[in-house]
Amino acid sequence: MVQHELSEIFDHFLRDSSLLMNREVLRPDYVPENLPHRDEQIQRLGWTLAPVLQSVRCSNIFVYGKPGTGKTAVTHFVLGHLIRKSDEVHVPVKACYVNCRLVGTDYRVLSSLCDAVHIRVPFTGLATGEVFDRFKQGLTSHGGILVAVLDEVDILVKYHGDNLLYELTRINETSNVGKVVLIGISNDLNFKDLLDPRVLSSLSEEEIVFKPYTADELYDILLERAHASFVKNGFHDSALRLCAALAATEHGDARRALDLLRAAAEIAERERVNIVTEEYVRKAQRKIEQDRVSEVLNSLPLHQRLVLYSIFLLHRANVNNSLTGDIYEVYSELCGEVSVEPLTQRRVSGLINELDTLGVINAKLVSLGRHGRSKKVRLAITPSVASNQLGGDIHLSSLLNYTPNYLQKIV
DNA sequence: TGTCCACTGGAACGTACGGCTT
DNA sequence: AAGCCGTACGTTCCAGTGGACA
């Protein structure tokens, strides 16, 4: 029965009723031929990088703006053209793109840079200094200019300091080594405060700011992509308007707008409807949020789950704004129930911050005068979703109907 | 106006682990 | 095999703090 349905699904997908004729165009990493409302940034980046085509090192560039404002797309776009041109005029230019959030550490950023100059390094085991030396060697033997894009560089600096950036900016001062042009991309506008002044002045020789898209600009972007990806009459104009409006309220995030449109199309396809309307955008909005939450919850380690579950239990007992101390008491009790050693309060305090960053809870630092300072914490996700997801865990399933003794003391 | 609470959050350090060089 | 490295995750220590309360 199921197998028969499956075959029907595939048949349906393959028939001409499919809504999307080109899905790639709606993917967040797709770089289109035309980037609406970013002419100014493209030109600035182009002019700044142009000297590279004469083998002259150009200014380092610091690009910043909120997520989904086109920073990465514009950079890819311009670099793509630059590399094609350099091939045409036979000037050795290489480009290397590193996402510091995904790559994570100085060592691994350097290892990616080594890749770009054809130096193989082991993924662990070497001293960072050693990897850096090998990178410089590779750069020298390559001879040309390497344009290194460090996307989400703020994350790297936040967790590992600006040491690597400092060393990279210094490479060009050493005469006999090839040249590096750095393009640092940051989502965080306050990122500059974290940098050593020397690094800052070197990195931001040129600065390009990406303002959030307005709803109208997002609409233009969506319209262009929709024409390229949907079949004829596959979408309602009002659906695009809604995607644009929803994304505009979230700091003008084009990625968000495209995600909404793609998810809406996929839901419509699954329901065998041949036009995307506002209704499907709303459905997509709910689905994206649900997917995000379950992905986050499923990836939490045991202790973080126990902390979150403690917050959930406090919520269920109508303690809407639980304090760190309360959470720790309940958490310790739960640890006893599942026979694991509780972590220290300091660590749990850190875990609460991490849950806050993940958007699963809202934590606010409050001062209660005589009663000290603490964090007021409440769930940021639907309690039923939390209990469903966490209850699926082998360790926690036995705790679904558990009432902590601590609650009897405080309620 | 000073005290004092219940933490926060930075920093240093420990441990386990996988994996490199010599 | 020894020695070293980066990474992840945790502990311990402790100075700092906002504001209610005496």
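Just so we're on the same page: letters track the sequence lines, and every chain starts at 1.
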Give every residue pair that meets the ring pair (Phe, Tyr, Trp, His ring centres under 6.0 Å) criterion with at least one member in residues 56-75 of chain A, sequence neighbours excluded.
F62(A)-Y64(A), F62(A)-F191(A)
Between K287(A) and D291(A), does at least one N-O distance fall below 4.0 Å, as a salt bridge requires?
yes
Could you check whether L323(A) gets within reach of a base, just the sugar-phosphate, or nothing at all, counting any heavy atom under 4.0 Å?
nothing
Scan for side chain to side chain donor-acceptor pair (under 3.5 Å) pairs involving residues 359-373 of chain A, sequence neighbours excluded, and state none if there are none.
none
In terms of side-chain geometry, is the basic nitrogen of E271(A) or K283(A) positioned less than 4.0 Å from the acidic oxygen of its partner?
yes
Specify the residues of residues 97-120 of chain A, ordered by number, for which at least one heavy atom lies under 4.0 angstrom from an atom of DNA chain B.
none
I need a per-nucleotide contact map over nucleotides 11-22 of chain B, read 5' to 3'. Cutoff is protein heavy atoms under 4.0 Å; write B for the base, S for backbone only, - otherwise.
-------BBSS-
Does dG9(B) have OP1 or OP2 under 4.0 Å away from a side-chain N or O of N353(A)?
yes
Sorted by first residue and then second, give each ring pair (Phe, Tyr, Trp, His ring centres under 6.0 Å) pair with at least one member in residues 131-173 of chain A; sequence neighbours left out.
none
Heavy atoms under 4.0 Å, any strand shown: does T324(A) hit a base, just sugar-phosphate, or nothing?
sugar-phosphate
Is the positively charged end of R38(A) above the ring of F210(A), judged by distance under 6.0 angstrom from the centroid and angle within 45° of the axis?
no
Rounded off to whole Å, could you give me the CD-to-C1' distance for the E354(A) and dG9(B) pair?
13 Å
For the helix from dT1(B)-dA22(C) to dT22(B)-dA1(C), what angle separates the axis at the start from the axis at the finish, each from five pairs, in steps of 10°?
30°
For H371(A) and dC7(B), give me the distance from atom NE2 to atom P, rounded to whole Å.
11 Å
Heavy atoms only: give me the nearest P212(A)-E217(A) pair and the separation to one decimal.
O-OE1, 4.2 Å
Using side chain to side chain contact (heavy atoms under 4.5 Å, CB included) as the criterion, list what pairs up with A264(A), not counting sequence neighbours.
V276(A), Y280(A), V281(A), A284(A)
For residues 120-127 of chain A, which side-chain N or O atoms pair as donor and acceptor with protein atoms under 3.5 Å away, sequence neighbours left out?
{"residue": "R120(A)", "atom": "NH1", "partner": "D115(A)", "partner atom": "OD1", "Å": "2.6"}

Check whether any side-chain nitrogen or oxygen of K375(A) sits under 4.0 Å from OP1 or OP2 of dG9(B), and answer yes or no.
yes
Charged N-O contact under 4.0 Å between R262(A) and D259(A):
yes
Counting N and O atoms only, with roles assigned by atom type, does the side chain of E333(A) sit under 3.5 Å from a partner on the main chain of Y406(A), one being a donor and the other an acceptor?
yes
Can you tabulate the close N/O pairs, meaning under 3.5 Å, that link protein atoms to atoms of nucleotides 1-4 of chain B?
{"residue": "dT3(B)", "atom": "O2", "partner": "R370(A)", "partner atom": "NH2", "Å": "3.3"}

What is the distance, rounded to the nearest whole Å, between atom CD1 of I327(A) and atom P of dA6(B)?
16 Å
Sequence neighbours excluded, which residues qualify as side chain to side chain contact (heavy atoms under 4.5 Å, CB included) partners of E40(A)?
none
Which pairs count as side chain to side chain donor-acceptor pair (under 3.5 Å) when at least one residue sits in residues 91-100 of chain A, sequence neighbours excluded?
Y97(A)-D151(A), N99(A)-E152(A)
Note: R241(A)-E278(A) ion pair, threshold 4.0 Å (strictly below):
no
With heavy atoms under 4.0 Å as the rule, sort Q345(A) into base, sugar-phosphate or nothing.
sugar-phosphate
Is the shortest heavy-atom distance from the side chain of L399(A) to the side chain of L396(A) under 4.5 Å?
yes
Considering only heavy atoms of chain A and a distance under 4.0 Å, specify the first and last nucleotide of DNA chain C in 5' to 3' order that meet this criterion.
dC5(C) to dC21(C)
Could you tell me whether R134(A) and E130(A) have a side-chain N and a carboxylate O separated by less than 4.0 Å?
yes
